[in-house]
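Written below as structure tokens is the structure these notes are about.
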Number of protein chains: 2
Amino acid sequence: MAVTLRQIQAFLAVAELGTFTKAAERLHMAQPALSQLVRELEQALGIRLFDRTTRRVELTEGGREFQGASAKIVHDLDLAIQNANDLAERRRGKITVAAPPLLAAAILPEAIAEMRERFPGVQVAVLDARTDTIVEAVRTNRVDCGLGTFAAIEDGIERIPMARDQLMLFCSPGSRFADADVDWRELQSEPLITLTRDSGIRLLVEVAYETVGIPLVPAYEVAQITTALALVEARLGVAVLPTYARAAAPHRRVLARLLANPAIARDIVLIRPSGRSVSPALATFETVLRRHVRRLTPADID
Amino acid sequence: MAVTLRQIQAFLAVAELGTFTKAAERLHMAQPALSQLVRELEQALGIRLFDRTTRRVELTEGGREFQGASAKIVHDLDLAIQNANDLAERRRGKITVAAPPLLAAAILPEAIAEMRERFPGVQVAVLDARTDTIVEAVRTNRVDCGLGTFAAIEDGIERIPMARDQLMLFCSPGSRFADADVDWRELQSEPLITLTRDSGIRLLVEVAYETVGIPLVPAYEVAQITTALALVEARLGVAVLPTYARAAAPHRRVLARLLANPAIARDIVLIRPSGRSVSPALATFETVLRRHVRRLTPADID
DNA sequence: CACGATTTATAAGCAGATCTTCTGAATTCA
DNA sequence: TGAATTCAGAAGATCTGCTTATAAATCGTG
């Protein structure tokens, strides 16, 4: 005969309260049912657990021994269940997200701050890396998800589009570009502040200049979007940056204008290993992240 | 929804074997039943335990965590059940028996030796004490049972008669008493070896002498039955001792004859607290003890 | 590219377990 | 001695849990 948790619960209740009737009340069941559970347990163990007359119920030696052991077991189980529930309720958890440095700097901090605020038990770690490294890290499960602009649809990886990002011209308020959308050709011989060549954005800009047939002569080359914006604010030139650059320094006196002909846009995508389940914490992080990404990139997509 | 041991068993089997089908085989159940158990557990915990496609089943992060916890719980429970079974199967246990010194010396050693032989895990402890102390020790649960000759039926104490004990005359083989039953009156002016006055037997002897109206003049007073028998063997006199005295020195050259007119007999009784359950070890000890008591006191009773 | 094999999920039906109510027996207390 | 309390047993209803049958999905192979 198998021992069940229900039997143990019944036993512990009787052991604690010292009467079958009170124990049955606590367990919201009729007293005969409880008697039966205890009897079953006694049969399974092969020993008498209680000395019981109609007036007195007390543990036998073996009963006391089993009480200690089973009380600990029930407690441990409650703990394990509680731990699982904590995971489910986002009171606990750990997420690692990979993103390219510029994106990580621009968008992640606010999303992480919100997570920290709403789910203090959930740890969010960031791995900033190059795009190809990100894909690899996602595929090998070293990170739970990756954020960025990923060209091909890779196998074994799920793509969740978050928003559409577009290249924009950042200029100072008094600039001649300040009033309307800008055509790439208008940038000819305008002092251009660019990112260094290791960034994907710089590459896009070069392609665009090539396409419209004007020479690209960087006036300044910087590594960080923030730096580029600072230079723009100082009227040292204009910069071509992604939409989300506005997040990098919302307080700076800088304007952003759409760059057309051609309009260059990319999807900002969240990727994660396909086939793996999404932990509750990760699911929440995705929605938080999507909201922050969209707030900075007005062009919503589905 | 409540977590059950069955669900945990199912979960652990799947976690270990990596497939529902194989796990179902091990648990001797159909695969859909097992799927259901795991699903129930996932619902109860609020988290997904496995990432499963039709081809692959593997633990999630939360699943791995719960596996560790629940495996330990199941192990602990098995241990607790095993411990209880050990008690039931007499592989373990502890009994304390109280008896007056003479009885303890005559009968208990062999009974304990047999217990030790057949149930090495069961400890038998002896408390040798006076009869009134024995009763008190039984009543207060300081010992599990008491052996002796107890006059009144005490409240809250159960009496289990083991055998009937009779006063006998112990003499040397060449003695004039050696051939037939003996009448008390024949003892007049025979050198008598008695036990000291603190023994119950001495008291019985005094009463008997009084009854038949002959004077009691002890030739020797000794504390131990063994000593008395040694003196008898050395032809220094005869001794009046209980039946079980024969156990004290089975190899001595001494004869025992029934003492009649009056025949003085007492019940050797095992007492234990009434209302308390009898542990398996104690139950076994009772039967072993009964056999040994009867072997030494031919007059069986029910 | 399609089909077969394998594995998990779903549905329906049934057997057996478990719970409730009613009743009895034993013990305590007034 | 009688009333009250408490545990145990019996009978019946409900409900859980298992099995069988079937569908859906994925992988390998011809």
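On a predicted model such as this, the values are computed, not experimentally measured, just so you know. Residue numbering restarts at 1 for every chain, and letters A, B, ... go by the order of the sequence lines.
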Short side-chain N/O contact to [N] OP1/OP2 from [X], under 4.0 Å:
X: Arg39(A); N: dC7(D); answer: no
X: Ser35(A); N: dG9(D); answer: no
X: Arg6(B); N: dC18(D); answer: yes

Polar side chain donor-acceptor pair, Gln31(B) to Ser35(B), under 3.5 angstrom: yes
Asp51(A) and Thr60(A) side chains, donor-acceptor separation under 3.5 Å: no
Check against side chain to side chain contact (heavy atoms under 4.5 Å, CB included), Val14(A) and Thr19(A): CA-CA 6 Å; Val14(A) 175; Thr19(A) 118; over 6 Å; no
d([atom1], [X]; [atom2], [N]) in whole Å:
X: Phe20(B); N: dT26(D); atom1: CZ; atom2: P; answer: 15 Å
X: Met29(A); N: dT14(D); atom1: CE; atom2: P; answer: 18 Å
X: Glu25(A); N: dT6(D); atom1: CD; atom2: P; answer: 9 Å
X: Leu34(B); N: dT20(D); atom1: CG; atom2: P; answer: 15 Å
X: Gln43(A); N: dA8(D); atom1: CD; atom2: P; answer: 13 Å
X: Gln36(A); N: dA8(D); atom1: CD; atom2: P; answer: 12 Å
X: Gln9(B); N: dG17(D); atom1: CD; atom2: C1'; answer: 14 Å

Proximity of Phe50(B) and Phe11(B) rings by center, below 6.0 Å: yes
Options dG17(D), dT20(D), dG9(D), nucleotide nearest the side-chain atoms of Pro32(B): dT20(D)
Residue pair Val138(A) / Cys145(A): nearest heavy atoms and the distance that separates them: CG2-C, 3.9 Å
Residue pair Ala80(B) / Ala69(A): nearest heavy atoms and the distance that separates them: CB-CB, 3.6 Å
Sugar-phosphate, base or nothing in reach of Arg56(A), heavy atoms under 4.0 Å: nothing
Sugar-phosphate only, base, or nothing, as touched by Glu40(A) at under 4.0 Å among non-hydrogen atoms: sugar-phosphate
Boundaries of the chain A footprint along DNA chain C (any atom under 4.0 Å from a heavy atom): dT18(C) to dT28(C)
Heavy-atom side-chain contact between Leu270(B) and Leu289(B) under 4.5 Å: yes
